[in-house]
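In what follows, a structure is listed as structure tokens, so that the remarks can point back to it.
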Protein chains: 2
Amino acid sequence: MAKRRKVGNMLALAILANLLAKPMHPYEMAATLRERGKDQDMPIKWGSLYTVVGNLEKHGFIRAVQSERQGLRPERTIYEITEAGRAELTDWLREIVGVAEREIPRFEAGLSLLGVLPPDEVVALLEQRLADLTEQLATAEAALRSAPVPRIFLLEGEYDLAVRRAEADWIEGLLGELRDGTLPGAKQWREWHENGADPSQLLSLMGELTAEGGPEA
Amino acid sequence: MAKRRKVGNMLALAILANLLAKPMHPYEMAATLRERGKDQDMPIKWGSLYTVVGNLEKHGFIRAVQSERQGLRPERTIYEITEAGRAELTDWLREIVGVAEREIPRFEAGLSLLGVLPPDEVVALLEQRLADLTEQLATAEAALRSAPVPRIFLLEGEYDLAVRRAEADWIEGLLGELRDGTLPGAKQWREWHENGADPSQLLSLMGELTAEGGPEA
DNA sequence: GCCACATTACTCGTAGGCGAGTATACGTCG
DNA sequence: CGACGTATACTCGCCTACGAGTAATGTGGC
């Protein structure tokens, strides 16, 4: 199980890594991160910036070293990373990389409730998703190919590509089985929806059947 | 871009789907979900149960239909899904399935900061992760194979398997390149760490090089 | 030389998420 | 028959996230 972090927001990780290079004020951190495209690599909400910086300071991972002001602009507080901060950064990174914690994407949750929608609509939705995905993949591939830096700096992009390619393939396979009706259980699903989708049958369909099937710890 | 949901927690989605079958009180929802192993398919925190139920009611997606008590136990309020709730459920599901919204896993964020750790340690960590992953995959595969229900009920498991298999393969590939030193840029990385990991060089390593390489919108 | 717009640099309010705690009832083992 | 564990069914309060707002300063155009 992943250790509970005192500051759990991914933005905090990016900030710590950033402060390794030099002390900065929050706005500069944001600017640097944005410039490097780091907001592509992690889900960053800029609204959280000052909260996160504040929390990092509160827990001793960073420390204010000076604060200056230019003219009448708001004051800028400059922070540096502390020893504890360095330790937290590496420990956290080690955990993220070394431990395969299961993160469930929304799409997977959606799949587990697919029965709610009628099969024909699901086919249409999956086609839509596949089209989306194919386009995104093409863009990302092109960007990777034309990137003027050694591959070591593009690992996150390559990983993303590999995983999403797998998703696209899987969807394609599923679509095939759905279209030609070879997927076991698809017939009952269709019939259930054609008979007005009676919720009382849903229980016996999704419930009793599924109940036994789960993996045990 | 994904529409902002009035109640955005995935637990809410599961609850709405559950109430399709019949009205329930919160604790029964939790029991049903747990029994069905739905907590395997989405990241559910049981502490949020009553908050989420409250929010669903506040926004008119569910409605209290009766409240009863047995003996001196706390009172139980029974909720049913409303028309608005049904609409929200299907609309939300449609979005989740039909739109390929990019969700960035923590591992990917970690990859983008790999340079912070020394290469040899990264190799060890990736080996660890790969081992983790391989084991989890074996367990999941076995569970899927021995499940006594038609495949249509196991889609989320199959998807998970496909995607994680891709992750494992990708890591394996990377490990190969890392071990035999064929990954472009790996040498500079190693040298930088061996020379005391001077942060001022880090900027030129990760910064300037990467800056140009990002994909444009 | 002044207006409009972008950029810089934050502040604040609020909703929601989540863990820990609480209180009753039931079963059961001796 | 009483004591202790376990299942039932919530309540509470803190902390965090995040979007919207604000205010000063640079900048380009006419």
Side-chain angles (χ1 to χ4, degrees), chain A residues 1-15 18 23-35 39 42-59 61-62 64 66-79 103-104 106 109, chain B residues 1-15 18 23-35 39 42-62 64 66-79 88 103-104 106 109:
Chain A
M1 188 105 45
K3 196 198 296 191
R4 276 189 60 82
R5 299 282 156 188
K6 299 187 182 161
V7 186
N9 198 315
M10 285 310 256
L11 181 51
L13 192 71
I15 290 176
N18 232 261
M24 294 183 200
H25 55 97
Y27 193 84
E28 190 183 355
M29 302 172 197
T32 314
L33 290 175
R34 228 178 284 140
E35 190 186 328
D39 48 343
M42 33 183 83
I44 290 183
K45 315 289 158 135
W46 297 115
S48 310
L49 179 61
Y50 290 84
T51 314
V52 167
V53 168
N55 290 343
L56 283 173
E57 186 184 20
K58 191 172 68 186
H59 293 289
F61 297 141
I62 65 179
Q66 83 178 265
S67 86
E68 56 178 44
R69 85 176 338 151
Q70 292 188 356
L72 282 183
R73 284 201 221 161
E75 198 170 13
R76 302 186 303 188
T77 308
I78 297 184
Y79 296 91
E103 269 169 279
I104 306 157
R106 306 167 86 79
Chain B
M1 184 107 43
K3 196 197 299 191
R4 278 188 59 83
R5 301 282 157 188
K6 301 189 182 158
V7 186
N9 197 314
M10 286 310 255
L11 181 51
L13 192 72
I15 289 175
N18 232 260
M24 294 183 199
H25 54 98
Y27 193 84
E28 190 182 355
M29 303 172 197
T32 313
L33 290 175
R34 227 177 287 141
E35 191 186 327
D39 48 344
M42 33 184 85
I44 289 183
K45 314 288 159 134
W46 297 115
S48 311
L49 179 61
Y50 290 85
T51 313
V52 167
V53 167
N55 290 342
L56 283 173
E57 187 184 18
K58 191 171 68 185
H59 293 290
F61 296 142
I62 65 177
Q66 81 177 268
S67 86
E68 55 176 47
R69 82 177 339 151
Q70 293 187 356
L72 283 184
R73 283 200 222 159
E75 198 170 10
R76 302 185 303 188
T77 307
I78 297 183
Y79 295 91
E88 176 71 3
E103 272 170 276
I104 305 157
R106 307 166 86 76

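Proteins get letters first, then strands, A, B, ... in listed order; numbering begins at 1 in each.
At whole-Å resolution of the value, CE in B:M24 and P in D:dA9 are 13 Å apart. In this entry the distance linking CD1 of B:I15 with C1' of C:dG17 reads 13 Å, nearest Å. Nucleotide C:dG19 holds its P atom 18 Å from the NZ atom of A:K6, rounded to whole Å. Atom CZ in A:R34 sits roughly 10 Å away from atom C1' in C:dT7 (whole-Å rounding). In this structure, CZ of A:R5 is placed 19 Å from C1' of C:dC18, rounded to the nearest angstrom. When rounded to the nearest whole Å, the span between CG of A:L11 and P of D:dT16 equals 14 Å. When rounded to the nearest whole Å, the span between CD of B:E28 and P of D:dA7 equals 18 Å. C:dA9 atom P lies 14 Å from atom OH of A:Y79, rounded to whole Å.
Remark: A:Y27 is not in phosphate contact with C:dC10, judged by side-chain N or O atoms under 4.0 Å from OP1 or OP2. A close approach under 4.0 Å does occur between a side-chain nitrogen or oxygen of B:H25 and OP1 or OP2 of D:dC10. The side chain of A:N55 contributes an N or O atom lying less than 4.0 Å from OP1 or OP2 of D:dT16.
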When you look at B:H25 and B:T77, which way does the side-chain contact (heavy atoms from CB on, under 4.5 Å) test go after all the steps? CA-CA 5 Å; B:H25 54 98; B:T77 307; 5.8 Å; no
Using the side-chain contact (heavy atoms from CB on, under 4.5 Å) rule, take B:E88 and B:V7 through it: C-alpha gap first, then chi angles, then the decisive distance, then the call. CA-CA 10 Å; B:E88 176 71 3; B:V7 186; over 6 Å; no
For B:M10 and B:L13, what are the C-alpha separation, side-chain angles and deciding distance, and is it a side-chain contact (heavy atoms from CB on, under 4.5 Å)? CA-CA 5 Å; B:M10 286 310 255; B:L13 192 72; 4.2 Å; yes
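If one axis is set at each end of the helix from C:dG1-D:dC30 to C:dG30-D:dC1 from five pairs, those axes are 10° apart, to 10°.
With sequence neighbours excluded, the residues satisfying side-chain contact (heavy atoms from CB on, under 4.5 Å) with B:S48 are B:N9, B:L11, B:K45, B:V52.
Taking CD1 from A:I44 and CG from A:D39, the interatomic distance works out to 6.0 Å, rounded to the nearest 0.5 Å. One distance of note links CG of A:N55 with OH of A:Y50; it measures 14.5 Å at 0.5 Å rounding. Expressed to the nearest 0.5 Å, how far OH of B:Y79 lies from CG of B:N18 amounts to 15.0 Å.
One N or O on the side chain of B:E103 and one on the backbone of A:R106 form a donor-acceptor pair closer than 3.5 Å.
Near-neighbour residues of DNA chain D inside residues 43-51 of chain A, defined by a heavy atom below 4.0 Å, number-ordered: A:K45, A:G47, A:S48, A:T51.
Put simply, the side chain of A:I15 reaches to within 4.5 Å of the side chain of A:L49, judged on heavy atoms.
Here C:dA9 is the nucleotide among D:dA9, C:dA9, D:dA17 with the atom lying nearest to any side-chain atom of A:R76.
Closest-nucleotide positions on DNA chain D for B:P26 and A:H59 were compared, and the one nearer the 5' end corresponds to B:P26.
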